[in-house]
Number of protein chains: 2
Amino acid sequence: MSYVLSGKRAVAEETRRAVEAAIAELGFSVNTVARSLRTGRSSIVALIVPDLSNPFYAQLAASLQEELRTLGLHVMVCDTKADRDEERAYLREAVQQRFAGVVITPFRLVAKDFLPLSEAGVPAVVSADLPFGEMDLVTPDARAAMRAALTEVTRAGRRRIAMIAGPRDATGGDPRLELLRALAVQFGITLPGRLIVRGEHTREAGAAGFAYLMGMKHRPDAVFCANDVVAIGAMDKAEELGVGIPGDVALVGHDDASFASLVRPRLTTVRYPAADVGRAAARLLVERADGRVARRTVRVKAEFISRGTI
Amino acid sequence: MSYVLSGKRAVAEETRRAVEAAIAELGFSVNTVARSLRTGRSSIVALIVPDLSNPFYAQLAASLQEELRTLGLHVMVCDTKADRDEERAYLREAVQQRFAGVVITPFRLVAKDFLPLSEAGVPAVVSADLPFGEMDLVTPDARAAMRAALTEVTRAGRRRIAMIAGPRDATGGDPRLELLRALAVQFGITLPGRLIVRGEHTREAGAAGFAYLMGMKHRPDAVFCANDVVAIGAMDKAEELGVGIPGDVALVGHDDASFASLVRPRLTTVRYPAADVGRAAARLLVERADGRVARRTVRVKAEFISRGTI
DNA sequence: GTGAAAGCGCTAACAG
DNA sequence: CTGTTAGCGCTTTCAC
């Protein structure tokens, strides 16, 4: 392609004008495919998420995009619907298409699914609770926030705590559950296995899990949810069942997705700031492009948001 | 690349095994960039939308993806935040990257912004209320649904109808407003310009618009909204202002985004089925790939959903 | 300051 | 059934 467009070497004024005229007349536009073939890198960054209808990820996308656009990088969002084959398909696509980078929240992937990525040298940052091999990591620091949640729950006199957790076969188990368990003992509370319900991160699963818990002889008086989508499902079911929230049962969500403040009562939740995650991921990606090779981890602080469900 | 992978011609069993062994050992994977350069087409379809945090578009994305994946096409979602420069940037990217197709809901684009696309021969389908040049179109048929909404509104004794519409510089003006106006006269109602507020398709704009309307000497007793996000914003403000919904003011949304049934009272709305739109768009894209050249329009029927805000 | 040419990895056409 | 080759449009190097 002409040096006029790339600006990589000096060009005489006269030549430049001639070229520009030709470009305008022919409607010429660079073929970035050829460029990518030559350079081995495209300008697309893939954001791979389990559920695009969860506004948390939409926000993450917006923030990542904003950070990256000044660098001429384009973000494309891939929705895997929490399906491992889809996750792998997009990862494969990322290397085949020689993407500039990948930001991914894995849901059912295991470490070795990332091998092709690292072999191909596609920079990747994982947004998850646990590290993944060589990848850079953006991870929540939710300890203080969860402790605050537990403080409020116990102060309200609740002792029988349940959790509607993620599916058993999810990547890394459910670290939010582990954290809750670990913290609960500090309050003299144990979470018996029977009070742990598992399901997808969907409204339906939230409803089903809540229904199950409410069908028990000794109902819990507080329910933590894997995320806000699940919590909303629980609220659906509570209304259907005539279970008062927070009168009969306290409810705690996770993420602070946009609709958490929409429902009535407003959902008390542990906020994980999507915009910060996006910014951190963008920064890690840029550093990689600038040549960093060492693995890095960025912790993003979560925050307890007390609203109306405790 | 080897014919083993592409399956485009018969290969002896022995050869196949040798090749497959080599592939496994070297961790070889096709370079689709080179393929795209050669064939002039990638396998990516871009879905370009104004607001990814509106779950309507997330659903559209999911449906489009589902339809296209069997054809080996990958959907990548681009969020333009209703910004014309972003819209153009993604359109440009689509031709430079030789995308297999584009599905777009234009927000501030004008017809000539599509020229590069059609010149480059990238198949595009527009999801909008109005046609766009040569592009295929998926468009709502909302007449009956809007009439049903007006019927319920007038039956409730409301006569002073306002609308919180989209911005004045939006692509095609605001056809939803035009439709409302046209239909209202059939009910002997006119919508004075003073009762039309304009703003972005955001919660904030909805709140601001509603506040403005409530500040008038002769308040409207029914408010139609450009979409559900705007309607939610109006509800935020109604609560803040102590305005009863539907007691003091009836409210009608548009789209039936997932959170319409989440708020209390539940939002009455004109449902535009995102999944059907995605399917229609996929079909149009496929037909184009199969060689159709004539422009096509698919109408998708909207439906009035009566809930709690009239 | 500019021109020429190699080569990225693939597909498709042609020859055996 | 298989081998060979041109060429997609770009970047980069080398020569002028």
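We name chains A, B, ... by the order of the sequence lines, and we start the count at 1 in each one. Source: prediction; values computed, not measured.
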Q: Evaluate whether atom CD of A/Glu13 has more than 12 neighbouring non-hydrogen atoms of other residues, nucleotides or ligands under 6.0 angstrom away.
A: yes

Q: For A/Arg35 and C/dG9, give me the distance from atom CZ to atom P, rounded to whole Å.
A: 18 Å

Q | Pairs involving residues 99-125 of chain A, ordered by first then second residue, that meet salt bridge (Lys or Arg N to Asp or Glu O under 4.0 Å) (sequence neighbours left out) | A | A/Arg84-A/Asp113, A/Arg88-A/Asp113, A/Arg108-A/Asp169, A/Arg108-A/Glu200

Q. Whole-Å distance between D/dC10 P and B/Arg98 CZ?
A. 8 Å

Q: Tell me what B/Val33 touches on the nucleic acid: a base, only sugar-phosphate, or nothing, going by heavy atoms under 4.0 Å.
A: nothing

Q: Starting at atom CZ of A/Arg41, determine the distance to atom P of D/dT12, rounded to an integer number of angstrom.
A: 14 Å

Q | Separation of atom CD1 in A/Ile23 from atom P in D/dC10, rounded to whole Å | A | 10 Å

Q: Check whether more than 12 heavy atoms from other residues, nucleotides or ligands sit under 6.0 Å from atom CD of B/Glu134, and answer yes or no.
A: no

Q) Quick one: is B/Ser36 getting a side-chain N or O under 4.0 Å of the C/dC10 phosphate, OP1 or OP2? A) no

Q. What is the bend of the helix from C/dG1-D/dC16 to C/dG16-D/dC1 when you compare the axis at one end with the axis at the other, using five pairs each and rounding to 10°?
A. 40°

Can I get a per-line list of side-chain donor-acceptor pairs under 3.5 Å for residues 98-105 of chain B, giving both atom names and the distance, sequence neighbours left out?
residue  : atom : partner  : partner atom : Å
B/Arg98  : NH1  : B/Val95  : O            : 2.5
B/Thr105 : OG1  : B/Ser127 : O            : 3.4

Would you be so kind as to tabulate the donor-acceptor pairs closer than 3.5 Å made by side chains of residues 273-281 of chain A, with sequence neighbours excluded?
residue  : atom : partner  : partner atom : Å
A/Asp276 : OD1  : A/Arg279 : NH2          : 2.6

Every protein N/O within reach of nucleotides 13-16 of chain D N/O, cut-off under 3.5 Å:
residue : atom : partner : partner atom : Å
D/dT13  : O4   : A/Tyr3  : OH           : 3.0

Q) Considering only side-chain heavy atoms of B/Arg38, which listed nucleotide, C/dA6, C/dT11, C/dG9, is closest? A) C/dT11

Q: Only pairs at least two apart or in different chains count here, so list each salt bridge (Lys or Arg N to Asp or Glu O under 4.0 Å) that has a residue in residues 57-81 of chain B.
A: A/Glu86-B/Arg69

Q: Flag the pair B/Glu287 and B/Arg283 as a salt bridge only when some basic side-chain nitrogen lies within less than 4.0 angstrom of an acidic carboxylate oxygen.
A: no

Q. Within the structure shown, what part of the strands sits under 4.0 Å from B/Thr32 by heavy-atom distance: base, sugar-phosphate, or nothing?
A. nothing

Q: Flag the pair B/Tyr272 / B/His254 as yes when their ring centroid distance falls below 6.0 Å, and as no otherwise.
A: no

Q.
Under 4.0 Å between a side-chain nitrogen and a carboxylate oxygen: does that hold for A/Arg292 and A/Asp136?
A. yes

Q) D/dC1 P sits how many Å from B/Arg17 CZ, rounded? A) 14 Å

Q) Which of the following nucleotides, C/dG1, C/dC8, C/dC10, is nearest to the side chain of A/Leu37? A) C/dC8

